[in-house]
Amino acid sequence: MPLQILIISDNESFTTYLGELLQEAGHATRCVAQEKEAFPAIRRQKPDLIILALEASKIVPLAIEHRVQTPSGPRSVPVIVISECLRLEAELLQVFDFIGKPLDVKRLLDDVAAVALRKSVSCQDQELEPRLAAAFSRHILSHSGLHFDQRNRPALTRGLLKRMSALRLTDFKEYLQYLKEHGEDRHELQKLLQFLTVGETYFYRYPAHFEVLKERFADHPSCAAPIRIWSAGCSTGEEPYSIAMTLMEALPDWRQRDIRIIATDINNRSLKRAREGVYSPWSMRITTPEQSRRYFRRVGESYLIRDEVKQLVQFSHLNLSTPCREPVCDELQELDAIFCRNVLIYFTPETAAGMLQRFTRALKPSGLLFLGHSETLLQRGLDLELRRKERSFYYVKSGLAAQPIAAPPLPPGLPAVDDTDELTEEQLRLAAAWLSKQAPWPPPVPPSEPLPAAPCTPLDDAQLLQGARELFDREEFEPALELLELVLARRPDLPDALVLKGFILAGKGALEQALETSDRVLALNDLLPEAYFLKGVLLDAADRLDEAAREYRKALLLNHDFIMPRYHMGRLHLRQGRLAEGAREIRNSIKILSRCDEEDTVPFSGGLTRAVCMLQLQNTLARVA
């Protein structure tokens, strides 16, 4: 099938060569020499394929998802990048292909043929069957050590769909074959891993953990010993930089201290962004104005980490599931603290157990271990004690593992087992539920002093729902869902609780279940704007843009000042190339937001304050106005 191909290149001779090559293959080509002419040409010509062959600095802004409006509706346009700057390949994960120079002509023609073949294939919603999910999991496990089981099936599905979307594939089985064939020669496995291992993060996530760290070092201000902290699974750097800033706040003489935060990750793309230290307002959403001024430099719409923070952190590539043979491994001993949050979920229980043993050995006595809120430590025989801080937990290396300690009684349903026995899945579940209810052991009370009676004031549904909203805004979805389930157990048809549960299900990737929940809420109360917004977001994610727009409009008819559906409506217009309509909705959002208090949290924004949300809106408007 012949294609309409737009070539964007600032090299005239290379443009001529490409044009002749593609015309011989039966395709029609048009050329643009200046990057500023690219967007008008895309909207005007509505190509089937875009080929970018520009100097490296000009590629990234253009190598984004392009959509054109056609008589049959909006259509995405695949992009092929040709460049000698090979480091860009790890950054451009949404393009159809990245081809280095000298040009591999056969690969280019194969790509063009694949685009032509997939041009008429319509994207269809499909579930990842258990059999195929297991096949993907086995392949990824054998080649990277990362494990995806039933718990993180939604994350696996989302990552697969993102790569399949870039490749214009709609069949999981076809993509599995492509992954096996091109895992190495086209770096497909590494590209997939970038989507599977990047968790959304932000500065000072789980604030209680940083309070514990600050208190630990503020209590020992005169100690001159080296400070070593490991951020294992550091992603794009928000966590290790937050650790550095916490130490700077705790230690007035930090410049005279020997401080090093060792930050490691398997994702090279994330490490590159971490080293650059450039962040959007979204990463700053719970950072205080004082912290922003002290530790960041504002440049345009971005926040740059100051050099004095950067110098405390060193970034290294490391796969936690393999034997530690990298140079950085020599430094991972006698550590004051280890942060490994929301990382263990990517590994098998056996691998995670080995990692926890390794962490324990690497800590100093009384060293701190911080895990994610969804990760519970159930390994026996580890020299770690559970502590709590507000709604968070952490562990302290006790140095008492060799001494027998009387264990608290086991929970009902979990029989005593010999150390050589393995816990069943049901026993693990019961143990996790039991452990989550245990408080740190209190000091012994003399028998002459009777224990005070604990007050029993059960929370009402309104308090539980408010607590769930606060947790939701902090993106602590599992605890929020637990509170919602308590409410729904008593009031299964409470619309406000159901709609919040729908947003959490959407965030976990259970889109069909979330859509069913939105429909259930609307059946109960068809005047609830949040329910229409939820349904709009879900339809938007499924690329059912016209239907999504209708739901956003319904939400706005019921609540004219509801910021998020108006913002989403503006973004939807921009995606469809309707710049004037999109800019109008963004301007209206700014006007409405200007009436809010500076520190108000914008509902259903992911915990954004009015100030941060305003920056985001203004930056969006600046790009299109």
Side-chain angles (χ1 to χ4, degrees), residues 93-94 118 121-184 186-200 233 235 266-267 269 319-322 342-355 372 374-376 422-426 428-429 432 477-478 481 501-502 504-517 538 541-543:
L93 300 179
Q94 302 285 6
R118 299 167 195 168
V121 177
S122 60
C123 184
Q124 298 178 351
D125 293 333
Q126 59 170 316
E127 294 289 331
L128 179 59
E129 300 174 3
R131 179 180 57 82
L132 277 172
F136 276 111
S137 183
R138 285 193 302 271
H139 183 81
I140 294 167
L141 178 64
S142 65
H143 288 80
S144 71
L146 299 179
H147 177 57
F148 290 84
D149 58 11
Q150 184 63 39
R151 292 175 305 163
N152 39 34
R153 177 79 56 78
L156 173 62
T157 304
R158 286 195 298 272
L160 295 175
L161 288 173
K162 285 178 180 177
R163 278 304 298 158
M164 289 167 62
S165 175
L167 296 167
R168 300 173 71 81
L169 293 172
T170 58
D171 183 79
F172 285 111
K173 188 183 298 183
E174 188 177 356
Y175 178 63
L176 178 60
Q177 186 61 35
Y178 182 92
L179 180 63
K180 291 178 177 178
E181 289 179 3
H182 299 297
E184 295 297 328
R186 297 195 177 194
H187 311 126
E188 183 57 32
L189 180 61
Q190 281 301 315
K191 292 175 182 177
L192 175 61
L193 290 180
Q194 312 306 299
F195 286 120
L196 297 181
T197 60
V198 175
E200 197 282 330
S235 188
I266 192 176
N267 191 320
R269 183 170 179 247
N319 186 343
L320 292 173
S321 69
T322 60
N342 304 313
V343 175
L344 298 182
I345 57 174
Y346 289 113
F347 298 95
T348 63
E350 296 78 14
T351 302
M355 289 164 57
S374 62
E375 298 164 320
T376 305
E422 290 190 3
L423 295 176
T424 66
E425 187 172 326
E426 177 63 14
L428 284 171
R429 186 189 66 77
F477 296 138
E478 291 300 332
L481 191 56
K501 180 179 178 180
I504 293 174
L505 290 171
K508 291 161 66 72
L511 302 184
E512 287 299 324
Q513 196 175 349
L515 191 58
E516 292 173 4
T517 302
L538 295 167
D543 226 22

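Here the structure is a predicted model, which is why all the values come from computation and not from measurement. Heavy-atom basis, side chains included; hydrogens, waters and symmetry copies ignored.
Distance alone, capped at 3.5 Å, is enough to place a donor-acceptor pair between the Ser142 side chain and the Arg138 backbone. Remark: side-chain polar atoms of Ser137 are not paired, donor with acceptor, to backbone N or O of Ala133 under 3.5 angstrom.
Rounded to the nearest 0.5 angstrom, Leu189 CG and Arg163 CZ are separated by 11.0 Å. The structure places OG1 of Thr157 at 10.0 Å from CG of Leu196, a figure rounded to the nearest 0.5 Å. Interatomic distance, Asn319 CG to Ile266 CD1, rounded to the nearest 0.5 Å: 4.0 Å. Rounding to the nearest 0.5 angstrom, the gap separating the CG atom in Leu193 from the NE2 atom in His187 is 13.0 Å. Here Leu167 contributes atom CG and Glu174 contributes atom CD; the two are 9.5 Å apart, rounded to the nearest 0.5 Å. Separation of atoms CG (Leu128) and CG (Leu176) is listed at 10.0 Å; rounding is to 0.5 Å.
Leu160 has its side chain within reach of Leu156: a pair of non-hydrogen atoms, C-beta onward, lies under 4.5 Å apart. Side-chain contact between Leu179 and Tyr175 is present, with heavy atoms from C-beta onward closer than 4.5 Å. Counting heavy atoms from C-beta outward, Lys162 and Leu93 have side chains that stay 4.5 Å or more apart. With contacts defined as side-chain heavy-atom distances shorter than 4.5 Å, the pair Tyr178/Arg186 qualifies. For the pair Phe136 and Arg153, the minimum side-chain heavy-atom distance is 4.5 Å or more.
The two residues Ala514 and Leu505 have their closest heavy-atom pair at CB-CB, 4.0 Å. Annotation for Ala352 and Leu344: closest pair CB-CD2, 4.3 Å, computed over non-hydrogen atoms. Here the shortest heavy-atom pairing between Ser321 and Thr351 reads CB-CG2, 3.9 Å. Taking each heavy atom of Ile140 and Leu192 in turn, the nearest pair found is CD1-CD2, 4.1 Å.
Few gaps surround CD on Glu181; more than 12 heavy atoms of other groups in view lie less than 6.0 Å from it.
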**Request:** Check the pair Arg131 / Glu129 against salt bridge (charged side-chain N to carboxylate O under 4.0 Å, His left out), numbers first and verdict last.
**Result:** CA-CA 5 Å; Arg131 179 180 57 82; Glu129 300 174 3; 3.6 Å; yes
